[in-house]
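First comes the structure, then the notes that go with it.
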Amino acid sequence: MERYDPQAIEARWQAVWADERAFETPNPTDPANDERPRAYVLEMLPYPSGDLHMGHVTNYTMGDVVSHFRRRTGFQVLHPMGYDSFGLPAENAAIKSGGKPAEVTAHNIARIREQMLRMGWSIDWSRELSTSDPAYYRWTQWIFLQMFERGLAYKRTAAVKWCPQDQTVLANEQVVDGCCERCGAEVEARDLDQWFFRITDYADRLLDDMDQLENWPERVLTMQRNWIGRSHGAEVVFRVVDSEAEIPVFTTRPDTLFGATFFVLAPEHPLISELVQGTAAEAEVMDYVRRRSAESVADRMRDDRPKTGVDTGRRVVNPVTLEEIPVWVSDYVLVEYGTGAIMAVPGHDDRDHAFATLFGLPIRQVVAAADGEVDVQVEAYTSAGEDALLVNSGQFDGLAVSEAKSAVAAWLAEEGRGETKTAYRLRDWLVSRQRYWGAPIPIIDCPSCGLVPVPDADLPVVLPEIEDYAPKGRSPLAAAEEWRSVPCPTCGAAALRETDTMDTFVDSSWYYLRYISAHDDTQVFDKAAVDWWLPVGQYIGGVEHAILHLLYSRFFTKVLFDAGFVGFEEPFANLFTQGMIYKDGAKMSKSKGNVVAPDAIVNRYGADALRMYVLFMGPPDQDKEWSDNGVLGPSRFLDRLWKAVQRIASEVPGEALPAAPSGAEGAALDLLRLTHQTTKRVTEDIDRRLQFNTAIAASMELLNGIEKARDELIGDPVGGQVLRHAAGTLVCLVQPFAPHIAEELWEQLGGSRLWESPWPVVDPTLLVSDTFTCVAQVNGKVRERIELPRGLPQDEVVRLVRELPKIAEHIAGREVVKEIVIPDKLVNIVVK
RNA sequence: GCGGAUGUGGCGGAAUUGGUAGACGCGCACGGUUCAGGUCCGUGUGGCCGUAAGGUCGUGGAGGUUCAAGUCCUCUCAUCCGCACCA
């Protein structure tokens, strides 16, 4: 008997699949009339650093299991792969090594592809794409221009986050705790002229359409909801005393307007210098403003910062009390939210209260709990609730908070002092970057025509070859004088190209559409085919993309829908986020030196064992701890599977998967039942629950059952066929997880092309036996078990249970109060 | 502070509908085979008491509902993650 040699059989089957183009699925020729069931199974595309890591292995193996399963249950399966290949690491590596980013990237893609092939994933390689390929980014640029034409891409000067290490601006989403998400450097605030996508126009739809995303993890939906941060409230306009100026504020609590006893501007508020010019407070205020702006973003985001501020000496009029209240400047007000100014209600807001207490400003209660008393000594009254009542609020006294919100807003509108308004935390998406290795923004800046789009016929705007990629605070492309100088497409005058490149998240916001038409150079994608395949049936990836990539992709899809390019508004119908793999309690990382390289495991145990282990480790959506010994479990399982199936294949003649023989009894019948119970469990675990760990455990149980019964059954005509039936079924069930060994064993059993053979069918009559283990309880405690025929009358079951010596002993001399019978399951006798 | 999750043997975890807690695997112990390979096969493996039969406790903690609770309810503790001076 041959030994199980994973290296040999894995290489063999990978070659077969490649030769036969086994996993290529063409688009339908007539999508409009094609009713075949289809499944678009997609995993988030990798950034091609040289090495595949365990996260990739888990991610792509999960997708592969689903793909195989769908394929074998009658679906057209689209399972593509590509590379998110623009970005800083390749550029930084090129700067370091003196090579070119394109070469570094090509080399890394070749390496990661080779490792992917070794994992044996059933990928449609005919659709492979890289986002840094001009044939791809041509269409990224085209989409940018679609945005531009619709006013959704625009350029403006704004306070933006600048990473001094990477020498580029960052999107809000890429700043974590005041630091650059990529390199960890503290970011700075700078005023720069930058390109934005108007994602805020879609804030409501991005929020409201989440109702359609039923099969998304709750935590991802919550994170997106928080990130968009919609609040309903009102804008209230305050008039400045002795001035023409009026300053609007946003508040979610217009009902507390009577309690607004002071007013605060963010240090960056544009009106400050005008307000304090020539006043006694000017020097002090401007000094405060300067000091705040010199502070780093990280400092400003620190927890438990003490409040600071300065009085401008100016006053505004509270529109409802007509009181003049002081205007302060403080950095606890954020310039980028609402209007950059607030009405402070220290009686009912913790932050305002802290500020008022620190600077001795008046605190007034204007809301009281329905049954509470007015007590101005109370520290803060913020938790009063929606049914609390207004006090000290003139004509609004006695109204409940919920009523007062709209009543005050209506009054303000009547008086022309405000209106209802909605504010969002979401900012527009800053997409320009001052780096080389990205898609050039296809815009030409003409002195007379302004910003002019590059004509479609001139796309792509190909990245020029340059000598020096090092970042210098402006795009390295600015140095490519010849490339940069072009005639204006509109007037023909000498003009200059935009030299910034696009954020790589732009590239990955639409790649799932391009797979449909990966090689079409006449259009971005074929709409009919896209509408046939999408939305993606199952999307799988890391939770770290919960807001960035997943929000941007939803935005892109909605823009393309509005423009008529796609027929759906949400790209990903079902989302699954996998847990992360830890080692020694920490995330695997080179700096910690706790990385386990998939390649090393494949060399030692084979790809099949690694594939099984990453899924067997635990529930796929939870974080898992890597254990070097853990891989032995699946590895031994495959070795035992190999021996068991080989022996059956050689000693019992028959088909690869013969029908379940009739006339089986005893151990043969037990194994037959176990086989069908296992088929049911594995099928449901993959199809309905995505619980791969329990599917694998069930397969192991079936193998244990086969081994246990083998010696008894192997010589028997019926028993032998039961063994063959069980072995063939097990090979089928294991195939999505360990496709190489499954294919090899299938062949030894006499079958061929398992990857396209039908999934085993459950015979429902073989799921239940004619007896059951009746659990006998006394007062809820298990005292005995007894094997009884199914469907026995209840009083008969009770009689038999009460006759059991142990049960009789426990009820002897006590009064039986109640007898609970759960048919075909248990009996509980309650005694006193 | 707001929001989301998670707590079960020495370890990873199972228990899908309130009905046998600990499936499956790792590790460990003992025995065997082969003999120096991270081998294979068998048996056992939650704690405590007991030679055993058996008993008893047991799913972070405290209450509760129920004939019956890892599962439902109330309170509470711990850990992890996301957002956070968002008015």
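Lettering of chains follows the sequences in order, A, B, ..., and the numbering in each one begins at 1.
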Value in whole Å for how far the [atom2] atom of [N] lies from [atom1] of [X]:
| X | N | atom1 | atom2 | result |
| --- | --- | --- | --- | --- |
| Phe250(A) | C85(B) | CZ | P | 16 Å |
| Phe637(A) | C40(B) | CZ | P | 15 Å |
| Glu809(A) | A53(B) | CD | P | 15 Å |
| Met700(A) | A23(B) | CE | C1' | 12 Å |
| Tyr4(A) | U39(B) | OH | P | 16 Å |
| Arg681(A) | C24(B) | CZ | C1' | 9 Å |
| Trp626(A) | C11(B) | CH2 | P | 21 Å |
| Lys680(A) | U16(B) | NZ | C1' | 9 Å |

Below 4.0 angstrom from OP1 or OP2 of [N], is there any side-chain N or O of [X]?
| X | N | answer |
| --- | --- | --- |
| Arg636(A) | G27(B) | yes |
| Lys781(A) | C57(B) | yes |
| Asn629(A) | G25(B) | no |
| Arg783(A) | G55(B) | yes |
| Lys818(A) | C67(B) | yes |

Taking the [atom1] atom of each, how far is [N] from [M], in whole Å?
| N | M | atom1 | answer |
| --- | --- | --- | --- |
| U34(B) | C40(B) | C1' | 8 Å |
| G61(B) | G70(B) | C1' | 14 Å |
| G22(B) | G31(B) | P | 28 Å |
| G7(B) | A14(B) | C1' | 16 Å |
| U6(B) | G18(B) | C1' | 22 Å |
| C77(B) | C26(B) | C1' | 31 Å |
| U66(B) | U71(B) | C1' | 13 Å |
| U76(B) | C30(B) | C1' | 45 Å |

Tell me which of Thr252(A) and Arg785(A) sits closer to the 5' end of RNA chain B, going by the nucleotide each one is nearest to.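 Nearest nucleotide further toward 5': that of Arg785(A).
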
When Pro634(A) and Asp639(A) are each assigned the nearest nucleotide of RNA chain B, the 5'-most assignment goes to Pro634(A)

Base, sugar-phosphate alone, or nothing: which one does [X] contact when heavy atoms must sit under 4.0 Å apart?
| X | result |
| --- | --- |
| Ser231(A) | sugar-phosphate |
| Ser627(A) | nothing |
| Pro619(A) | sugar-phosphate |
| Arg688(A) | base |
| Ile822(A) | base |
| Gln777(A) | base |
| Val333(A) | base |
| Asn704(A) | sugar-phosphate |
| Lys806(A) | sugar-phosphate |

Name the orientation class of the two ring planes belonging to [X] and [Y] (parallel below 30°, tilted from 30 to 60°, perpendicular beyond 60°).
| X | Y | value |
| --- | --- | --- |
| Tyr4(A) | Trp642(A) | tilted |
| Phe359(A) | Trp328(A) | tilted |
| Tyr337(A) | Phe250(A) | perpendicular |

Report yes if the side chains of [X] and [Y] come closer than 4.5 Å at any heavy-atom pair, otherwise no.
| X | Y | answer |
| --- | --- | --- |
| Leu361(A) | Pro326(A) | yes |
| Val798(A) | Val821(A) | yes |
| Pro267(A) | Val335(A) | no |
| Thr357(A) | Ile363(A) | yes |
| Phe737(A) | Arg611(A) | no |

Checklist entry - Between the base of C67(B) and the side chain of Asn828(A), is there any donor-acceptor pair under 3.5 Å? => result yes

(Q) If you go through the side-chain atoms of Arg604(A), does one of them form a donor-acceptor pair with the base of G38(B) closer than 3.5 Å? (A) yes

Nearest-neighbour nucleotide for the [X] side chain, [options] considered:
| X | options | value |
| --- | --- | --- |
| Arg640(A) | A87(B), G25(B), G4(B) | G25(B) |
| Tyr337(A) | C24(B), A87(B), G27(B) | A87(B) |
| Trp227(A) | G27(B), G25(B), C83(B) | C83(B) |
| Arg689(A) | G12(B), A15(B), U6(B) | A15(B) |
| Val782(A) | U20(B), C24(B), A87(B) | U20(B) |
| Ile820(A) | U16(B), G19(B), U39(B) | G19(B) |
| Glu701(A) | U39(B), C24(B), G3(B) | C24(B) |
| Met223(A) | G82(B), C26(B), G4(B) | G82(B) |
| Thr694(A) | A14(B), U16(B), C26(B) | A14(B) |

G9(B) glycosidic conformation (syn if within 90° of 0, otherwise anti) is syn

inquiry  = Given the ring of Tyr332(A), does Lys307(A) sit roughly above its face, with NZ or CZ under 6.0 Å from the centre of the six-membered ring and within 45° of the axis?
reply    = yes

Tightest non-hydrogen contact, residues Asn594(A) and Lys583(A), listed as ND2-O, 3.1 Å

Query - Residues, nucleotides or ligands: over 12 heavy atoms within 6.0 Å of Glu712(A) CD - result: no

Each base of RNA chain B marked ( ) or [ ] if paired in-strand (Watson-Crick or G-U under 3.5 Å), | if paired to another strand and . if unpaired gives (((((((..(((......[....)))((((((.......))))))((((....))))..(((((..]....))))))))))))....

Here the salt bridge (charged side-chain N to carboxylate O under 4.0 Å, His left out) pairs for residues 332-343 of chain A, sequence neighbours left out, are none

